[in-house]
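Below is one structure, written out as structure tokens, with a few remarks after it.
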Amino acid sequence: MFLGKYREFHSMIKTQQQKKAADLLVSLVESNLGPPRFQITLLLDSLPLINDTDENFGSNGVVMDSRQTQVLLKALEDMQIKKLLKESDMQKVETIRLALVTNLASSFLDEPW
């Protein structure tokens, strides 16, 4: 089931369905269906969606909203707490964290109060 959904995620990316792909990616991360060590790969796969700016997604062009971004940040923190990351992953972690925090700030500006 996990691999089928992961393949579907990549198909959505290829067909420019970023919002649907973001929704699916977040659900994969939340579900914990994949192997724990694979979470870093899912988070790395989120980078193109996080860094994508498209006017169709609001004034700041964010694909992922604040809730989705917080889910990914929590997953990243959980991986660090559970010590699932290797020392060689630390540069990737910082890249992901910076992208997520930047996206979180942008998504807050996009959401109505």
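Values in this document were obtained by computation on a predicted structure and should not be read as measured data. Start at 1 with the first residue, then count along the sequence. Hydrogens, waters and symmetry mates are skipped; everything else that's a heavy atom, side chains included, is used.
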Among all residues two or more places apart in sequence or in another chain, which pass the salt bridge (charged side-chain N to carboxylate O under 4.0 Å, His left out) test with [X]?
X	value
D89	R37, K92
K20	none
D23	K19

message: I need the full list of ring pair (Phe, Tyr, Trp, His ring centres under 6.0 Å) pairs touching residues 11-52, with sequence neighbours left out, sorted by first then second residue.
response: F2-F38, Y6-F38
task: Using the ring pair (Phe, Tyr, Trp, His ring centres under 6.0 Å) rule, collect all pairs that involve residues 80-105, keeping only residues at least two apart or in two chains.
output: none
Mind checking side chain to side chain contact (heavy atoms under 4.5 Å, CB included) for [X] and listing every partner two or more places apart, or none if nothing turns up?
X	answer
K5	E8, L24, L28
E77	Q80, R97
T95	L47, Q91

Between CE on residue M12 and CG on residue L49, distance to nearest 0.5 Å: 11.0 Å
- line: dist M64:CE -> S106:OG (nearest 0.5 Å) comes out at 13.5 Å
message: Do the side chains of D78 and K82 get close enough for a salt bridge, i.e. N-O under 4.0 angstrom?
response: no
query: How would you list, by chain and number, every residue that makes a side-chain hydrogen bond (donor to acceptor under 3.5 Å, both in side chains) with S46, sequence neighbours excluded?
result: none
message: According to side-chain hydrogen bond (donor to acceptor under 3.5 Å, both in side chains), who are the partners of T15, at least two apart in sequence or on a separate chain?
response: Q17
task: Could you list all the salt bridge (Lys or Arg N to Asp or Glu O under 4.0 Å) pairs where at least one residue sits in residues 25-34, not counting sequence neighbours?
output: E30-R67
